[in-house]
Amino acid sequence: MLLFFWLSAICAVYSYSGYPIILWFARHLVAVNDDLKGRIEQRAAANSASFTMIVAAYNEGPHIRRKIESTRDALEKNPDNELIVVSDHSTDDTVAASERLRHPQVRVLENEGRRGRAGAHNYAIRYAKNEFVIFSDVETRVPAETILKMVDILALPGIGCVNAEIVFENEGDDKVSDAAGIYWRFEMWLRTCETLLGLYATSSGPCMGIRRSLFKDLPATGDVDFTTPLDVINAGYFCAHLNGHVAYDVMPPNADGEFKARVRMVAKNFSGTISRWGAENIIKRPVYTWALYSHKIFRWLTPFFLLAALTSNLIVLDQGWFYQATLCVQGAFYGMAALGAVAYRKRRRWPVVQQIFGFVLVNIAFAIGVLKAIVGNVPAFYNPTRLQAKG
């Protein structure tokens, strides 16, 4: 039981401290891709290659016009650029609102029956006329400079997938969402390190680009941000995170929305990542496997490691004062999380405890998402972030 406690404790902290420390040392000890780093930091070329942006939309009538107009500057940089709006069998005026703009570089498609975002992407990419394809969400605001930079990087030999740095705009001034923002900044740092070390194996769905020739049809419960990067790596290409070139997304409006978003994300990603990567790649690409599992799988399993550490700690209390102290530390941690929950409900600004509450809330969501994936209860459909709190 002592061994079980130590294994659980080490696994619980590994993805949040052990793996980042290893990456930090690797960046200083291993030769990073300085050429890619230099290319990322350069300004986007004015004469970038042409691109196709695909935006999947479901009942986005009130918002689709803003998305199209915000993309217009990038479209007009090249007459071959295009924006494809694919309605996932919307029941509102999404299609009519898109067509009313009558922009020559905007095409509107309609799914026959609701297929979810993965199905919408599978359908729309068949109509893309350009090799470089950008996927984006309706609620994501992407500056023209960012789009052009993504196309520039995709044009580099060996790069098959790229994503912008996602910056969240917290419209609701919700402190749990702020804590999630801290978590996201940590995530962006990891992605930057992995890119420079040639180990990056994921992407950001709100704004990512790929070579069309590398795209494979997504399963109904898949998504471009975790399924397609693995296909790109299998094809022998690299993925890149563009640190400093941003797209602006919206955070869930409150704790309920954040919780639902995390559950959905993990339920789709957990089983999908394992099945798409497969046993063959574990042997064929061991370093990528280490990075992928350390970054994603171990993090999503952290709540189970935490529970195992707490349970085993209770059992080994009679082994000495050290284990009594570790139990006190755990008890204090969860006590502060409970205090953070009270602060959140009372809308008070109490430092530290709300960040701890946000961390615990995210891990509960991870646990539920993993369990949903195991029992096969993975959602195929998608609600925009601003609607997450409403289900």
Side-chain angles (χ1 to χ4, degrees), residues 36 39-57 60 62-87 94-95 97-109 117 120-121 124-156 159-169 188 203-215 224-225 228 239-250 384-385:
L36 177 59
R39 295 293 189 97
I40 291 175
E41 293 173 351
Q42 290 176 0
R43 184 175 178 83
N47 57 344
S48 296
S50 56
F51 69 86
T52 296
M53 177 177 282
I54 294 177
V55 176
E60 292 281 10
H63 309 283
I64 192 64
R65 181 185 181 92
R66 181 177 62 181
K67 178 64 177 182
I68 294 173
E69 290 180 341
S70 69
T71 311
R72 185 170 290 174
D73 286 347
L75 290 175
E76 293 173 352
K77 297 292 184 182
N78 188 320
D80 291 326
N81 292 339
E82 63 175 348
L83 169 63
I84 296 177
V85 176
V86 52
S87 168
T94 296
V95 173
S98 303
E99 291 177 338
R100 276 197 296 268
L101 291 177
R102 299 184 183 278
H103 193 287
Q105 291 171 278
V106 177
R107 286 195 286 167
V108 184
L109 304 177
R117 186 162 65 169
H121 286 159
I125 201 167
R126 301 171 190 168
Y127 295 89
K129 66 182 182 181
N130 295 305
E131 170 65 1
F132 302 136
V133 178
I134 308 294
F135 293 99
S136 186
D137 293 339
V138 172
E139 54 201 352
T140 306
R141 181 166 56 88
V142 191
E145 174 78 10
T146 296
I147 296 174
L148 299 181
K149 172 53 72 173
M150 292 172 69
V151 175
D152 286 350
I153 298 301
L154 278 174
L156 295 176
I159 302 297
C161 178
V162 65
N163 67 258
E165 177 182 352
I166 305 300
V167 175
F168 287 103
E169 299 176 315
M188 293 297 98
S203 197
S204 298
C207 186
M208 62 172 286
I210 66 161
R211 294 174 181 258
R212 185 174 61 120
S213 56
L214 300 180
F215 182 85
V224 287
D225 58 353
T228 301
C239 301
H241 166 76
L242 298 189
N243 184 42
H245 298 276
V246 303
Y248 300 92
D249 205 13
V250 179
T385 300

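All residue numbers refer to positions in the sequence shown, counting from 1. In this text, all values refer to a predicted model and were calculated from it rather than measured experimentally.
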Exercise. Spell out, as yes or no, whether a donor-acceptor pair under 3.5 Å connects the side chain of Asp225 to the backbone of Ser204.
Key: no
Practice problem: Return yes if a side-chain donor-acceptor contact under 3.5 Å exists between Ser50 and Asn81, otherwise no. | Solution: no
Quiz item: So, do Leu83 and Ile68 sit near enough that their side-chain heavy atoms are less than 4.5 Å apart?
Solution: yes
Quiz item: Is the shortest heavy-atom distance from the side chain of Ile134 to the side chain of Met208 under 4.5 Å?
Solution: no
Quiz item: Regarding Thr140 and Asp249, is there a side-chain donor-to-acceptor distance under 3.5 Å anywhere?
Solution: yes
Exercise. For side-chain contact (heavy atoms from CB on, under 4.5 Å), just list the numbers for Thr146 and Glu165, CA-CA rounded to whole Å, side-chain angles, deciding distance to a tenth of an Å, and then say yes or no.
Key: CA-CA 9 Å; Thr146 296; Glu165 177 182 352; over 6 Å; no
Quiz item: Is the backbone of Pro206 close enough, under 3.5 Å, to the side chain of Ser136 for a donor and an acceptor to pair up by distance?
Solution: yes
Practice problem: Compare every heavy atom of Ile40 with every heavy atom of His245, then report the nearest pair and how far apart it is. | Solution: NE2-O, 2.6 Å
Exercise. Show your working on side-chain contact (heavy atoms from CB on, under 4.5 Å) between Leu109 and Ile84 and close with a plain yes or no.
Key: CA-CA 7 Å; Leu109 304 177; Ile84 296 177; 3.7 Å; yes
Practice problem: Walk me through it: do Phe215 and Val224 pass the test side-chain contact (heavy atoms from CB on, under 4.5 Å)? | Solution: CA-CA 9 Å; Phe215 182 85; Val224 287; 4.1 Å; yes
Quiz item: Side chains of Lys149 and Ser48: do they bring a donor and an acceptor to under 3.5 Å?
Solution: no
Practice problem: Indicate yes or no: at least one non-hydrogen side-chain atom of Gln105 is less than 4.5 angstrom from one of Glu76. | Solution: yes
Quiz item: Between Asp137 and Arg117, does at least one N-O distance fall below 4.0 Å, as a salt bridge requires?
Solution: yes
Self-check item: Nearest atoms (heavy-atom pairs only) where Ile153 meets Ile159
Solution: O-CB, 3.5 Å
Exercise. Kindly give the heavy-atom pair with the smallest separation between Lys129 and Thr52, and that separation in Å.
Key: N-OG1, 3.8 Å
Practice problem: Return the minimal non-hydrogen interatomic distance between Val133 and Ile54, and the atom names on each side. | Solution: CG1-CD1, 3.8 Å
Self-check item: Whether Arg211 side chain and Glu131 backbone form a donor-acceptor pair below 3.5 Å
Solution: no
Quiz item: Does Met188 reach the side chain of His241, with side-chain heavy atoms less than 4.5 Å apart?
Solution: yes
Exercise. Please test Asn130 against Glu82 for side-chain contact (heavy atoms from CB on, under 4.5 Å), starting from the C-alpha separation and ending with a verdict.
Key: CA-CA 8 Å; Asn130 295 305; Glu82 63 175 348; 4.0 Å; yes
Quiz item: Does Leu101 reach the side chain of Val106, with side-chain heavy atoms less than 4.5 Å apart?
Solution: no
Self-check item: Least distance between heavy atoms, Pro143 atom then Ala247 atom
Solution: CD-CA, 4.4 Å
Quiz item: Is a salt bridge present between Glu69 and Arg65, judged by a nitrogen-to-oxygen distance below 4.0 Å?
Solution: yes
Quiz item: Pick from Leu75, Val142, Asp73: which one makes a side-chain contact (heavy atoms from CB on, under 4.5 Å) with Ile147?
Solution: Val142
Quiz item: Side chains of Ile210 and Phe135: does their closest heavy-atom pair fall under 4.5 Å?
Solution: yes
Quiz item: Nearest heavy-atom pair of Gly209 and Met150: which atoms, and what distance?
Solution: N-CE, 3.5 Å
